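Bear in mind the structure is a predicted one, so any value in this text is a computation, not a measurement. Atom set for the values below is all heavy atoms of this structure, side chains included, hydrogens, waters and symmetry mates excluded. Heads up: numbering here begins at 1 and tracks the sequence.
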Amino acid sequence: MTTDRVLLTVEEYLDELLTHLLDGSGPLDETEEVPLPDALGRVLAQPVTAVGDVPAFANSAMDGYAVRREDLGTLPTILQVVGAVPAGSGEDPALAPGQCVRIMTGAPVPTGADTIVPVEATDGGTAEVTIARVGERGQHVRGAGEDVRGGDVVAAAGTTVTARVLGSLAAAGTATVTVRRRPVVAIAATGDELVAPGTPLARGQIFESNGTHLAATLRELGAEVRATVVLTDDTEAFAAGLDELTSGADLVLLTGGVSVGDFDVSRIVLERSGATFRHVRMQPGKPQGWARWREVPVLALPGNPVSTAISFEVFGRPLLDRLLGRAPLPGPTRAVAGSAWRSPAGRRQYVPVVLSSDDVGRLVATPSHARGSASHMVTSLAGAQALAVVAEETDAVEPGDLVQIRSL
């Protein structure tokens with residue numbers, strides 16, 4: 001065993017994972033067609049196009065009166081009311097000069113009308129109406145296809161179907177969508193010291209939380225979690241457990257045992273399969289590793305809870321995005337620091353933060369725990385809304401300094 005590891009930047013290590021751990025491959029090939037209500041949280045494998053124009057017909061954006069704008073050259077003007085069109089109506093009343101139609105929001109605009117006058121700009125008459133003011137021709141008319149034309153792409157391949165996307169697809173007439181198969185991920189936390197929550201703790205034991213966190217995160221991101229287990233520090237039992245985990249999995253996540261100690265079982269066992277272990281210029285999460293066990297990609301993360309969570313955000317999430325063919329998260333934004341903290345020079349620091357705004361509207365990031373990014377402060381994750389990212393060359397952050405913000 002050697003303690004001398006190659007030291008990589010975050011970008012270098014992520015590139016190594018995408019290129020070698022996943023063999024530079026793209027998304028999983030398997031897709032399935034699912035009914036639209038079942039698509040929530042899935043990733044589109046094919047673009048979705050609008051069945052027809054949205055809106056499908058010109059309709060009113062206001063309750064009021066459908067008029068011919070040329071009849072309102074002088075105001076106020078009295079028009080004869082010759083009909084009423086509620087939403088959902090298929091009627092198309094004809095309009096002669098000097099005539100108008102009462103209309104409700106969403107109702108189809110009569111063919112002879114070109115402008116909507118809101119009821120607030122009238123006396124509200126039912127047989128005849130006095131128009132006090134009016135805008136330009138076409139005011140308050142939603143044109144057919146104004147939102148999207150039939151055949152236009154509503155959602156591109158790689159889009160995650162959120163509630164907002166789901167509503168847009170429904171409005172475009174979509175009944176079914178083609179989505180990527182969910183990647184099957186197995187998770188193992190490692191260490192004899194780990195016990196299930198609710199179990200009485202003996203000296204030297206801690207509650208296992210990494211598997212719970214990762215499983216929930218993976219499900220939120222669209223993966224199928226096949227197993228979440230704890231593997232002991234016995235090398236043979238560990239290897240047998242890995243054999244079971246890799247069966248039928250697209251990816252295995254290990255937490256713990258990736259450093260250079262004599263009892264770091266993940267490293268010891270994975271080295272049998274030619275694993276690669278690195279030190280990465282980040283804090284927390286410096287020790288990292290990857291391997292292929294029975295040809296299945298294995299991502300080995302450090303075991304301290306904050307290190308695990310942040311390492312997954314930085315390295316695990318992009319791997320899952322690649323398997324799903326999903327567009328990555330938008331790039332970081334910026335905020336001002338709400339307090340002072342130290343950062344290790346030469347390492348990119350990721351600090352769980354809460355977000356607020358100051359009296360001039362600036363986004364403010366404040367560490368969610370007094371210990372900042374200490375790798376064992378698992379409660380810092382509970383209240384965090386984002387990660388503040390501090391550059392390698394910075395060793396101190398002062399209130400008001402600009403920091404990058406990575407969304408969680």
query: Under a 4.0 Å N-O cut-off, is there an ion pair linking Arg219 with Glu224?
result: no
message: Contact between Val265 and Thr235 at the side-chain level, heavy atoms closer than 4.5 Å - yes or no?
response: yes
query: Within the distance-only criterion (no hydrogens, no angle test), does the side chain of Asp395 pair as donor or acceptor with the backbone N or O of Ser343 below 3.5 angstrom?
result: no
field: ring-ring contact (aromatic ring centres under 6.0 Å, His included) partners of residues 85-116, not counting sequence neighbours, each pair once
entry: none
message: Any side-chain to backbone donor/acceptor pair from Asp234 onto Ala237? Under 3.5 Å, distance only.
response: yes
- request: State, yes or no, whether a side-chain contact exists between Ser60 and Met104 at a heavy-atom distance under 4.5 Å.
  value: no
- prompt: Considering all heavy atoms of both residues, which atom of Leu21 and which atom of Val298 are nearest to each other, and what is their separation?
  reply: CD1-N, 3.7 Å
message: Once rounded to the nearest 0.5 Å, what's the spacing between atom OG1 of Thr232 and atom CG of Leu194?
response: 10.5 Å
query: Does any N or O in the side chain of Gln80 come within less than 3.5 Å of the main-chain N or O of Gln99, such that one atom is a donor and the other an acceptor?
result: no
message: When you compare the side chain of Leu36 with that of Leu169, does any pair of heavy atoms fall below 4.5 Å?
response: yes
Test item: Pro27 and Asp321 side chains (from C-beta on) under 4.5 Å apart, heavy atoms: no
message: A quick test of your reading: do over 12 heavy atoms of other residues, nucleotides or ligands sit less than 6.0 Å from CD of Glu30?
response: yes
message: My understanding is that only one of Arg42, Arg180, Arg181 makes a salt bridge (Lys or Arg N to Asp or Glu O under 4.0 Å) with Glu32; could you say which?
response: Arg42
field: Side chains of Met282 and Tyr13 in contact at under 4.5 Å (non-hydrogen atoms)
entry: no
- prompt: Is atom CZ of Arg322 surrounded by more than 12 heavy atoms (other residues, nucleotides or ligands) closer than 6.0 Å?
  reply: yes
task: Check the pair Thr212, Phe207 against side chain to side chain contact (heavy atoms under 4.5 Å, CB included), reporting the backbone distance first and the verdict last.
output: CA-CA 11 Å; Thr212 300; Phe207 294 124; over 6 Å; no
Would you tabulate the side-chain donor-acceptor contacts of residues 85-92 under 3.5 Å, counting partners in other chains and residues two or more places apart, or write 'none'?
from  : atom 1 : to     : atom 2 : distance (Å)
Ser89 : OG     : Glu91  : N      : 3.0
Asp92 : OD1    : Thr111 : N      : 2.8
Asp92 : OD1    : Thr111 : OG1    : 3.4
Asp92 : OD2    : Thr111 : OG1    : 2.5

- request: Can you measure from CG (Leu270) to OG1 (Thr276) and round to the nearest 0.5 angstrom?
  value: 10.0 Å
query: So, the side chain of Glu12 versus the backbone of Thr9: is there a donor-acceptor pair under 3.5 Å, distance only?
result: yes
- request: Output yes when Glu392 and Arg281 qualify as a salt bridge under the 4.0 Å nitrogen-oxygen rule, no when they do not.
  value: no
- request: For the pair Arg137 and Asp114, find out whether any cationic side-chain nitrogen is under 4.0 Å from an anionic carboxylate oxygen.
  value: yes
Leu251 side chain near Pro183 side chain, heavy-atom distance below 4.5 Å: no
- request: Identify the two heavy atoms, one from Pro297 and one from Leu22, that lie closest to each other, and give their separation to 0.1 Å.
  value: CG-CD2, 4.1 Å
message: Taking Ser339's backbone N and O only, do any of them form a donor-acceptor pair with Thr366's side chain (distance below 3.5 Å, no angle check)?
response: no
task: Output yes when a side-chain donor or acceptor of Asp53 lies under 3.5 Å from a complementary backbone atom of Pro55, and no otherwise.
output: no
field: Flag side-chain contact, heavy atom, 4.5 Å: Arg278 against Arg5
entry: no
query: When you check the gap from the basic side-chain N to the acidic O, do Asp152 and Arg149 get nearer than 4.0 Å?
result: no
- prompt: For the atom pair OG1 (Thr394) and CD (Gln349), what is the distance rounded to the nearest 0.5 Å?
  reply: 9.5 Å
query: Under a 4.0 Å N-O cut-off, is there an ion pair linking Arg294 with Asp243?
result: yes
message: Is there a side-chain contact between Pro284 and Asn304 in this structure, where contact means two heavy atoms from C-beta onward sitting under 4.5 Å apart?
response: no
task: Any chance you could measure Leu8, atom CG, to Lys286, atom NZ, to the nearest 0.5 Å?
output: 12.0 Å
query: In terms of side-chain geometry, is the basic nitrogen of Glu313 or Arg317 positioned less than 4.0 Å from the acidic oxygen of its partner?
result: yes
- request: Decide side-chain hydrogen bond (donor to acceptor under 3.5 Å, both in side chains) for Thr176 and Glu33; before the verdict, give the C-alpha distance in whole Å, the side-chain angles of both, and the deciding distance to 0.1 Å.
  value: CA-CA 6 Å; Thr176 62; Glu33 188 172 351; 2.6 Å; yes
- prompt: Is there any ring-ring contact (aromatic ring centres under 6.0 Å, His included) pair reaching into residues 144-176, and which pairs are they, with sequence neighbours excluded?
  reply: none
query: Hey, does the side chain of Thr122 reach the backbone of Val119 with a donor-acceptor pair shorter than 3.5 angstrom?
result: yes
query: In terms of heavy-atom contacts, does CD of Glu244 have more than 12 from other residues, nucleotides or ligands at under 6.0 Å?
result: no
task: List the steps and the verdict of side-chain hydrogen bond (donor to acceptor under 3.5 Å, both in side chains) for Glu193 and Gln205.
output: CA-CA 4 Å; Glu193 73 277 14; Gln205 293 182 327; over 6 Å; no
- request: Name the orientation class of the two ring planes belonging to His20 and Trp290 (parallel below 30°, tilted from 30 to 60°, perpendicular beyond 60°).
  value: parallel
task: Taking Asp63 for its side chain and Thr105 for its backbone only, find out whether a donor-acceptor pair lies under 3.5 Å.
output: yes
- prompt: Do Arg348 and Glu393 meet the salt-bridge criterion of a basic N to acidic O distance under 4.0 Å?
  reply: no
query: Do you know which two heavy atoms are closest between Gly124 and Val129, and how far apart they sit?
result: N-CG2, 4.2 Å
- line: Here the gap from Asp147 atom CG to Ser168 atom OG, rounded to the nearest 0.5 Å, amounts to 7.5 Å
- prompt: For the residue pair Thr115 and Val141, what are the closest heavy atoms and their distance?
  reply: CA-CG2, 4.0 Å
query: What do the steps show when you test Leu242 against Leu254 for side chain to side chain contact (heavy atoms under 4.5 Å, CB included), and what is the final call?
result: CA-CA 10 Å; Leu242 265 183; Leu254 299 180; 4.1 Å; yes
query: Does Asp71 reach the main-chain N or O of Arg69 with its side chain, forming a donor-acceptor pair under 3.5 Å?
result: no
Step-by-step side chain to side chain contact (heavy atoms under 4.5 Å, CB included) determination, Val230 to Thr190: CA-CA 6 Å; Val230 174; Thr190 67; over 6 Å; no
message: Let's go through Asp233 and Phe238 carefully: what are the C-alpha distance in whole Å and the side-chain angles of both, what is the deciding distance for side chain to side chain contact (heavy atoms under 4.5 Å, CB included) to 0.1 Å, and is it a yes or a no?
response: CA-CA 7 Å; Asp233 288 334; Phe238 188 97; over 6 Å; no
message: Quick one: does any side-chain atom of Glu208 pair with a main-chain N or O of Val229 as donor and acceptor, under 3.5 Å?
response: no
task: Please name the pair of heavy atoms, one in Gln288 and one in Ala300, separated by the smallest distance, quoted to 0.1 Å.
output: OE1-O, 3.8 Å
message: Show the nearest heavy-atom pair for residues Thr217 and Phe312, with the distance to one decimal.
response: CG2-CE2, 3.6 Å
statement: side chain to side chain contact (heavy atoms under 4.5 Å, CB included) test vs Phe315 passes for just one of Ile310, Leu18, Val280, namely Val280
message: What verdict does the side-chain hydrogen bond (donor to acceptor under 3.5 Å, both in side chains) test give for Thr308 and Asn210, after you've listed the backbone C-alpha separation in whole Å, the side-chain angles of each residue and the deciding distance to 0.1 Å?
response: CA-CA 7 Å; Thr308 298; Asn210 287 338; 3.3 Å; yes
